[in-house]
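Given the structure is predicted, the values throughout are model-derived calculations rather than measurements.
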Amino acid sequence: MGIILVGVGGGAGAISRYLLSGWINTVAGPGPFAIFVVNITGAFLLGLFLTLTQDRFIVSPDMRRLVATGYFGGYTTFSTWTWETMQLVQTGEYARAFLNGAGSLVVGLVAVYLGIVVGRLI
């Protein structure tokens with residue numbers, strides 16, 4: 001059952017990532033910004049979800065598999081992020097590559113922290 005839950009959640013997360021990143025690319029133009037937004041929102045929401053479901057509202061392990069492992073595993077895009085960062089390096093856009101890499105890491109850590117803080121306030 002766990003595999004099915006992870007698969008269903010992962011499919012929903014991948015579709016969410018596809019729709020959001022497509023919309024951002026349409027609005028802001030192609031580039032790594034869409035993946036940056038997906039990674040940061042994913043980090044925040046995963047921090048919030050896990051904090052709420054471990055500290056405030058206890059949910060079943062199956063629900064955590066569906067949402068944390070499945071949905072957010074399909075939604076966040078670390079592999080795409082590293083690919084796009086490497087593409088920037090390979091095209092000589094070193095400053096953009098550094099900003100995308102370091103910015104995702106630092107802002108992602110801040111987003112997880114804020115998710116934890118908000119989760120503890122609820």
Side-chain angles (χ1 to χ4, degrees):
M1 185 58 150
I3 292 171
I4 293 170
L5 291 170
V6 169
V8 169
I15 290 168
S16 297
R17 177 187 70 231
Y18 174 79
L19 293 173
L20 178 59
S21 63
W23 178 77
I24 291 170
N25 282 331
T26 299
V27 172
F33 182 66
I35 298 307
F36 178 84
V37 170
V38 168
N39 282 336
I40 299 311
T41 59
F44 172 79
L45 292 171
L46 181 61
L48 175 64
F49 174 77
L50 289 175
T51 299
L52 287 177
T53 60
Q54 290 172 357
D55 294 350
R56 300 278 189 232
F57 310 105
I58 304 304
V59 299
S60 72
D62 282 342
M63 180 59 71
R64 272 202 276 296
R65 282 185 198 98
L66 175 72
V67 177
T69 305
Y71 183 82
F72 287 112
Y75 177 77
T76 56
T77 53
F78 184 77
S79 60
T80 304
W81 166 69
T82 56
W83 173 262
E84 288 185 350
T85 302
M86 183 54 65
Q87 295 303 298
L88 293 170
V89 169
Q90 290 179 339
T91 59
E93 296 183 70
Y94 301 112
R96 285 184 72 199
F98 175 78
L99 287 173
N100 190 50
S104 290
L105 177 61
V106 171
V107 178
L109 290 170
V110 170
V112 167
Y113 174 74
L114 291 174
I116 290 167
V117 169
V118 170
R120 289 180 178 159
L121 291 173
I122 294 176

Practice prompt. Compare all side-chain heavy atoms of Tyr113 with those of Val117 and state whether any distance is below 4.5 angstrom.
Written response: yes
Worksheet item: Do you know the tightest heavy-atom contact between Ser104 and Trp81?
Response: OG-NE1, 3.0 Å
Worksheet item: Side-chain heavy atoms under 4.5 angstrom apart, residues restricted to Ile, Leu, Val, Met, Phe, Trp, Tyr: same cluster for Leu114 and Phe36?
Response: yes
Discussion item. When you group the ILVMFWY residues by side-chain heavy-atom contacts below 4.5 Å and let the links chain together, are Ile58 and Leu46 in the same group?
Written reply: no
Fill in: Over all atoms of both residues, closest heavy-atom pair of Thr85 and Ala97
CG2-O, 3.6 Å
Worksheet item: Going by heavy atoms in the side chains, are Tyr71 and Leu66 under 4.5 Å from each other?
Response: no
Worksheet item: Would one find more than 12 heavy atoms of other residues, nucleotides or ligands at under 6.0 Å from atom CG of Leu121?
Response: yes
Fill in: Closest non-hydrogen atom pair between Ala43 and Val112, with its separation
O-CG2, 3.4 Å
Item to complete: Could you tell me the separation between the CH2 atom of Trp23 and the CG atom of Leu19, rounded to the nearest 0.5 Å?
Response: 12.0 Å
Worksheet entry | Shortest non-hydrogen contact from Ser21 toward Ile35 | CB-CD1, 4.4 Å
Worksheet item: Name the one of Leu5, Val6, Val67, Ile4 that satisfies side chain to side chain contact (heavy atoms under 4.5 Å, CB included) with Asp62?
Response: Leu5
Worksheet entry | Minimum-distance pair of heavy atoms, taken over all atoms of Pro32 and Arg96 | CD-NH2, 3.3 Å
Discussion item. Tell me whether Met63 shares a hydrophobic cluster with Met1, the cluster being built from Ile, Leu, Val, Met, Phe, Trp, Tyr side chains joined at under 4.5 Å.
Written reply: yes
Worksheet item: Under 3.5 Å, is there a donor-acceptor pair between the side chain of Thr51 and the main chain of Leu48?
Response: no
Discussion item. Whether the side chain of Arg64 engages the backbone of Val59 through a donor-acceptor N/O pair (distance < 3.5 Å, no angle test) should be reported.
Written reply: yes
Item to complete: Using the rule that two of Ile, Leu, Val, Met, Phe, Trp, Tyr join whenever any of their side-chain heavy atoms come within less than 4.5 Å, decide whether Val110 and Leu50 are in one cluster.
Response: yes
Worksheet item: Which one of Asn100, Thr77, Thr80 satisfies the side-chain hydrogen bond (donor to acceptor under 3.5 Å, both in side chains) criterion with Asn39?
Response: Thr77
Item to complete: Please test Leu52 against Ile122 for side chain to side chain contact (heavy atoms under 4.5 Å, CB included), starting from the C-alpha separation and ending with a verdict.
Response: CA-CA 8 Å; Leu52 287 177; Ile122 294 176; 3.9 Å; yes
Practice prompt. For the residue pair Tyr75 and Phe72, categorise the inter-ring angle as parallel (less than 30°), tilted (30 to 60°) or perpendicular (more than 60°).
Written response: perpendicular
Discussion item. Assigning hydrophobic clusters by single linkage (Ile, Leu, Val, Met, Phe, Trp, Tyr; side-chain heavy-atom cutoff under 4.5 Å), is Leu88 placed with Ile24?
Written reply: no
Worksheet entry | Contact check, side chains of Ile116 and Asp55, non-hydrogen atoms, under 4.5 Å | no
Response to the item:
Closest non-hydrogen contact found for Ile40 with Ala111 is O-CB, 3.7 Å
